[in-house]
Amino acid sequence: MIEINKNKTEQAWQSLYHRLETDGLLAVKQGNSFQLRRILYRYVAAIFLLIVAGYGIYQLKNTPLYTSTQFISTTNSEPGLLVTTLQDGSIIYLAGNTTLQYPEQFEVTKREVILSGDALFEVEGNPEQPFLIDTENVTIEVTGTAFTVKNSIPSQFELAVKTGEVKVTLKKDGSYQYVKAGEKATLASAELTVQPTSGLNSLTIHNHQFRFKDETLKNVARVLNLHWPENQIILDPAIADRQITVTFTDHQPELMTELICLALNLNYTKQQDRLFISAP
């Protein structure tokens, strides 16, 4: 690259020198020609380097930061909900024919994901690191809340908030709406509207088959404990990072615990309302 720039600078000097000589602007003694050439060479080189530096700064400012981040893509191509736990602890329930793209490690200033399809989000709270969801027509911003997104048909976008508050921004004109718990935002005729809702009418996990794919036991136990608190699953720390792929169709905590133990050759014991899982 240095050699290329040097050649380009030399070509620029030759062109300028030839023009000055043709126009009779090099009225100097022969002995001073080398000195003039050196001065002009430095002048042209300085201009060229300034142009190159300016272009480099422009490119840096106009290149999205996330292009240097490796995004993971998870797709649920089967019926039921695919449960995915992100690096920050947020839990995403993906409906069928839904794809979520997310970085293995979030940036310090934001948590950004890309959604295509329908999903239920349970976002870990962090005001210093807002959670951003990019869809085809809108951008969703939260700091910590639970809500559903219906985005299978982008022109029929719908978002219903269970807890907290969500900001929805329309990409085409930058207009936005804040949606609170008990409200839903819909996209109709290219405009966002907010109205009350009776609750989460879809994507509720209690009446659906749902799956875990290559999830650690600690993430699986955390999800089950959140939604079935009547029987808390307690893991031996030695097995917490073991991975499992499993589908649950009967939401009974003890039965799900049995399935986990069968899949990974583990044991469990029950003490009152707690289920203890450990290695044999």
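Nearest heavy atom pair, residue E124 against residue S90, reads N-OG, 3.0 Å. The shortest heavy-atom contact between P130 and P127 is CD-O, 4.0 Å. In this structure, G80 and N76 approach most closely via the heavy-atom pair O-ND2, 2.9 Å. A pairwise comparison of heavy atoms in E122 and Y93 identifies OE1-OH, 3.3 Å as the closest pair. Listed here is the closest heavy atom pair of T135 and V138: OG1-O, 2.7 Å. Summarising the geometry of Q87 relative to Q105, their closest heavy-atom pair is NE2-NE2, 3.4 Å, with the distance given to 0.1 Å.
V194 meets the side chain to side chain contact (heavy atoms under 4.5 Å, CB included) test with Q177, V179, E183, A185; sequence neighbours excluded. Taking S77 as the reference, nothing meets the side chain to side chain contact (heavy atoms under 4.5 Å, CB included) condition, with sequence neighbours excluded. Checked against ring-ring contact (aromatic ring centres under 6.0 Å, His included), F121 has the following partners two or more places apart in sequence or in another chain: F147. Residues passing the side chain to side chain contact (heavy atoms under 4.5 Å, CB included) test with S175, sequence neighbours excluded: L170, D173. Residues satisfying the salt bridge (charged side-chain N to carboxylate O under 4.0 Å, His left out) criterion with E141, sequence neighbours excluded, are absent altogether. K213 is linked by a salt bridge (charged side-chain N to carboxylate O under 4.0 Å, His left out) to nothing, counting only residues two or more places apart in sequence or in another chain. Residues forming a side-chain hydrogen bond (donor to acceptor under 3.5 Å, both in side chains) with K218 (at least two apart in sequence, or on another chain): D241.
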H227 vs F210, ring-ring contact (aromatic ring centres under 6.0 Å, His included): CA-CA, chis, key distance, verdict: CA-CA 13 Å; H227 297 282; F210 66 101; 8.2 Å; no

Side chain to side chain contact (heavy atoms under 4.5 Å, CB included) between L187 and N137, intermediate numbers included: CA-CA 9 Å; L187 179 61; N137 291 321; 4.0 Å; yes

CA sep, side-chain torsions, deciding dist, call: F157, V149, side chain to side chain contact (heavy atoms under 4.5 Å, CB included): CA-CA 8 Å; F157 171 87; V149 177; 3.7 Å; yes

Verdict with supporting geometry, F212 and V223, side chain to side chain contact (heavy atoms under 4.5 Å, CB included): CA-CA 10 Å; F212 294 91; V223 172; 3.9 Å; yes

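Listed by first and then second residue, the salt bridge (charged side-chain N to carboxylate O under 4.0 Å, His left out) pairs that reach into residues 186-198 come to none, sequence neighbours excluded. Residues in residues 77-103 take part in these salt bridge (charged side-chain N to carboxylate O under 4.0 Å, His left out) pairs, two or more places apart or across chains: E78-R211, D88-R111.
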Give every donor-acceptor pair under 3.5 Å between a side-chain atom in residues 95-102 and any protein atom, sequence neighbours left out.
unit_1, atom_1, unit_2, atom_2, d
T98, OG1, A95, O, 3.2
T98, OG1, G96, O, 3.4
T98, OG1, D118, N, 2.9
T98, OG1, D118, O, 3.1
T99, OG1, T75, OG1, 2.9
Y102, OH, T74, OG1, 3.2

Please set out all donor-acceptor pairs under 3.5 angstrom arising from side-chain atoms of residues 255-276, sequence neighbours excluded.
unit_1, atom_1, unit_2, atom_2, d
T257, OG1, P253, O, 2.8
E258, OE2, Y268, OH, 3.1
Y268, OH, E254, OE2, 3.1
K270, NZ, E254, OE1, 3.4

Listing, residues 231-239 side-chain donor-acceptor contacts under 3.5 Å, not counting sequence neighbours, or none:
unit_1, atom_1, unit_2, atom_2, d
Q232, NE2, N225, O, 3.2
D236, OD1, A238, N, 3.0

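In terms of modelled atom types and a separation under 3.5 Å, the side chain of E215 and the main chain of T85 share a donor-acceptor contact. Looking only at distances, no side-chain donor or acceptor of Q156 sits under 3.5 Å from a matching main-chain atom of A188.
Environment of CD in E128: sparse, with no more than 12 heavy atoms of neighbouring residues, nucleotides or ligands closer than 6.0 Å. Residue-environment remark: NZ (K180) stays at or below the threshold of 12 foreign heavy atoms within 6.0 Å.
Hydrophobic clustering (side-chain heavy atoms under 4.5 Å, transitive across Ile, Leu, Val, Met, Phe, Trp, Tyr) keeps Y178 apart from V142. Taking hydrophobic clusters as Ile, Leu, Val, Met, Phe, Trp and Tyr residues chained together by side-chain heavy-atom distances below 4.5 Å, L132 does not share a cluster with V168. Residues L226 and L217 share a single hydrophobic cluster, defined by chaining ILVMFWY side chains whose heavy atoms lie under 4.5 Å apart. V123 and I72 fall within a single hydrophobic cluster, where Ile, Leu, Val, Met, Phe, Trp and Tyr side chains are chained together by heavy-atom contacts under 4.5 Å.
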